[in-house]
Amino acid sequence: ARVMCFTTGFGNFLAGWTSDAFHEVGGGVVYEGEFNDEPQRWHGGSAAQSALLPTLDAVLGVKHGSKHSKTYLRDMRKYMPKGFREFIICVENGPSVPDFVQKSTSESLKQVF
């Protein structure tokens with residue numbers, strides 16, 4: 001019963017306003033007096049909005065294959081403070097851990113990576 005209450009009740013408010021259902025009823029949510037009273041479409045809460053996981057992906061050289069995943073993860077950066085976004089970009093453009101491991105002469109390092 002609790003799961004149903006969450007998914008059909010409170011959980012709807014955490015899902016955001018990007019679904020087709022909101023698009024059909026006017027394109028999003030209007031915040032009266034803000035955004036020129038234009039409907040806004042916002043994503044719901046996601047761990048991808050944290051800088052931690054994208055930074056770890058950048059450090060470890062994780063590449064997300066699908067176009068949808070790449071687009072979604074880039075969109076989530078818009079929810080981060082500017083300094084966090086800039087830090088992730090610096091890490092992405094910095095020295096590559098996978099390249100370091102690949103060039104290493106340590107077979108044990110290559111094996112655990």
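Along the sequence shown, the residues carry numbers beginning at 1.
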Using 0.5 Å steps for rounding, measure from the [atom1] atom of [X] to the [atom2] atom of [Y].
X: Asp37; Y: Glu32; atom1: CG; atom2: CD; answer: 7.0 Å
X: Glu34; Y: Asn36; atom1: CD; atom2: CG; answer: 9.5 Å
X: Ser69; Y: Arg74; atom1: OG; atom2: CZ; answer: 12.5 Å
X: Ile89; Y: Thr55; atom1: CD1; atom2: OG1; answer: 10.5 Å
X: Glu86; Y: Arg77; atom1: CD; atom2: CZ; answer: 12.0 Å
X: Gln111; Y: Ser106; atom1: CD; atom2: OG; answer: 9.5 Å

Report yes if some heavy atom in the side chain of [X] is under 4.5 Å from a heavy atom in the side chain of [Y]; otherwise report no.
X: Met80; Y: Pro54; value: yes
X: Leu60; Y: Phe113; value: yes
X: Val30; Y: Glu38; value: no

If you measure from the Lys or Arg side-chain nitrogens to the Asp or Glu carboxylate oxygens, is any gap between Glu92 and Lys63 under 4.0 Å?
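Here Glu92 does not pair with Lys63 in a salt bridge, since their nearest N and O are not under 4.0 Å apart.
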How far apart are the closest heavy atoms of [X] and [Y], and which atoms are they?
X: Lys70; Y: His64; value: CE-O, 2.7 Å
X: Val91; Y: Ala58; value: CG1-CB, 3.5 Å
X: Gly61; Y: Pro98; value: CA-CG, 3.8 Å

Following the transitive rule for hydrophobic clusters with a side-chain heavy-atom cut-off under 4.5 Å over Ile, Leu, Val, Met, Phe, Trp and Tyr, establish whether [X] and [Y] coincide in one cluster.
X: Tyr72; Y: Phe84; result: no
X: Met76; Y: Val62; result: no
X: Val59; Y: Leu73; result: no

Ser104 side-chain N/O to Phe100 backbone N/O, donor-acceptor pair under 3.5 Å
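Answer holds: no.
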Applying side chain to side chain contact (heavy atoms under 4.5 Å, CB included), run through Lys78 and Asp75 and close with a yes or a no.
CA-CA 6 Å; Lys78 297 173 188 172; Asp75 284 349; 3.4 Å; yes
